[in-house]
Amino acid sequence: MRMADLKQGERGAAAMHGRVGHGGHGGHGGGHPMAATPAVVGDYLVRIGCDPLTEAFGKRAFSPPWRGSRPVDADNADAVIERVFATPRSETAVAYLHVPYCQNHCLFCGFFENVWRPEAGPAYVDDLIAELAAKSHTRLIASAPIDAVYIGGGTPSALDADDLSRLIEALHRYLPLSADCEITLEGRSYGFDIAKAAKLAEAGVNRLSIGVQSFSTTVRRRLGRKRSGEEVAAFLSELLALGRTSVVCDLIYGLPGQSEADWRRDIDTVARIGLDGVTLYALNMFPGGPMARAVEHGKLPPPATPSAQAPLYAEGVERLTDRGWLQVSQSHLVRSLRERNRYNASIKRGVACLPFGAGAGGQAHGHRWRNVIDIAQRCEMIAQNRAPIEGLALVPSDHAAHAMIAAGLETGRLDLAAVEALRPGFRVAVTPLLANWTAAGLGELHGDGFSPSLAGSFWISNLTSGLTAGLSAAATMCEGRCVL
Ligand code: SF4
């Protein structure tokens, strides 16, 4: 449904963690122009005098924090993951539970996995609960609190209310949840109702993240969404009136056929309803996906380019902040204190993420991995007493510095001295870049801090990629070979 920023866990990447989330929409995307060769700092210099919002870059860059991970040999994977689970944590973590079923394949989405069948729900929840129980006594899980859980997909809200209730009860039974743990359930309005929401709240869910994408019924129909915009808005109002959870939604800008007026109405609808938070995602059209094919065959108009998306982003942020909403990250704005956005913020900071369920990705103790996505294969591996994981890899040596850059830019102030402490030489490597970006209107330097402007915030993935190239340059300088 959406895109927890990394749908976590890295689902596919887009979400390592999060969402990537549901991603598609947001921010992962679009390969970097220099993708074939390692990018260097100079690739991210901007022409002074251009409009920073619409002209700073030709396309969106993508530099995920796991790029440069080193795969663990398959023969050693079981032993290595066993060691990871046997090693205690000293800090809080988050957990991601994946539900790989959707009622239909939405046109824009690159995360569809399995068609939802009601009869599959109880067995899948049994599987998840068994995994929670089996891992609950490992040191990785039991040694320190978990302060945010994200149940994402797919479409978790499609599961039966009783199955969801026993899953959430199992979370409390088997995981060391903190007293104020944020428990998010991702959903869509189709197949969801207030009775189910009340039951979820009763079980302990305190945050509902609803994938709306657009309130325009015409745009929604093109995406494969079943309910009208009016029906979705009414459902969100009912969830808020229930008063038991924080209620947030996702919107996408730059969709095919979506006018500026449509987007303005979407933003105004969110404000009128009074949601606790909203995430604004730029459309990221997956190459070869159903939307790309529809555009190719002339069935849909082409989506907005990044330079056409930029004013939509700026208008969305400004219309909400003018009404008193607070921008807490590049894409997320909140209206009430009830919305903490803890899971997504933690993922951006690179905290340990503990994955459960087919297709969930996670990372801890310098390793990242994904649970086998194919449900039958996962069951078979468990029956054979093998770890049902794939893609186990050592994270890159600059993973923590990269996460610090990403999280700092997201929250509006990057602490350059803190990155320098992790990677000596970073400040020198990025000095020309920061001077250029400041002159071009992408941000401001104040002492040890760099704060992106609204334009810089739109191009955050390019800024992150440029500064990450600075990490590589600093590492190379340390080895006596400057690549600037
Ligand atoms: S419900 Fe639609 S948007 Fe969400 S994961 Fe499934 S196909 Fe993607």
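Counting starts at 1 for both ligands and their atoms, following the listed order. Just so you know, these numbers come straight off a predicted model, no measurement behind them.
The six-membered or imidazole ring of Phe235 lies near that of Phe192, with a centre-to-centre distance under 6.0 Å. Aromatic ring centres of Phe286 and Phe111 lie closer together than 6.0 Å.
Of all atoms in ligand 1, numbered sequentially from 1 with element shown, those under 4.0 Å from a heavy atom of Thr155 are 1 (S). Interface of Asn104 with ligand 1, defined as ligand atoms under 4.0 Å from a residue heavy atom, comprises 7 (S). Within the listing of ligand 1, atoms 3 (S) sit less than 4.0 angstrom from a heavy atom of Phe108. For ligand 1, the atoms lying closer than 4.0 Å to a non-hydrogen atom of Arg225 are 3 (S).
Partners of Tyr101 under the ring-ring contact (aromatic ring centres under 6.0 Å, His included) rule, at least two apart in sequence or in another chain, are Trp116, Tyr124.
When the heavy-atom distances from atom 8 (Fe) of ligand 1 to Cys109, Gly191, Gly224 are ranked, the shortest goes to Cys109.
Checking side-chain atoms of Gln103 against main-chain N and O of Tyr190 turns up a donor-acceptor pair under 3.5 Å.
Under the side chain to side chain donor-acceptor pair (under 3.5 Å) criterion, the residue pairs touching residues 286-305 are Thr305-Ser307, with sequence neighbours excluded.
Neither the backbone nor the side chain of Glu186 has a heavy atom within less than 4.0 Å of ligand 1. Of the heavy atoms in Arg188, only side-chain atoms (C-beta onward) come closer than 4.0 Å to ligand 1.
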Requested in this report: Let me see the working for His105 and Val115 under side chain to side chain contact (heavy atoms under 4.5 Å, CB included), right down to the final yes or no.
Outcome: CA-CA 8 Å; His105 189 169; Val115 176; over 6 Å; no
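Glu410 contributes atom CD, which lies 9.0 Å from atom CD of Gln327 (distance to the nearest 0.5 angstrom).
For atom 2 (Fe) of ligand 1, the set of nearby N, O or S atoms under 2.8 Å includes none belonging to Cys102.
The closest approach between Gly211 and ligand 1 stays at or above 4.0 Å for every heavy atom of the residue.
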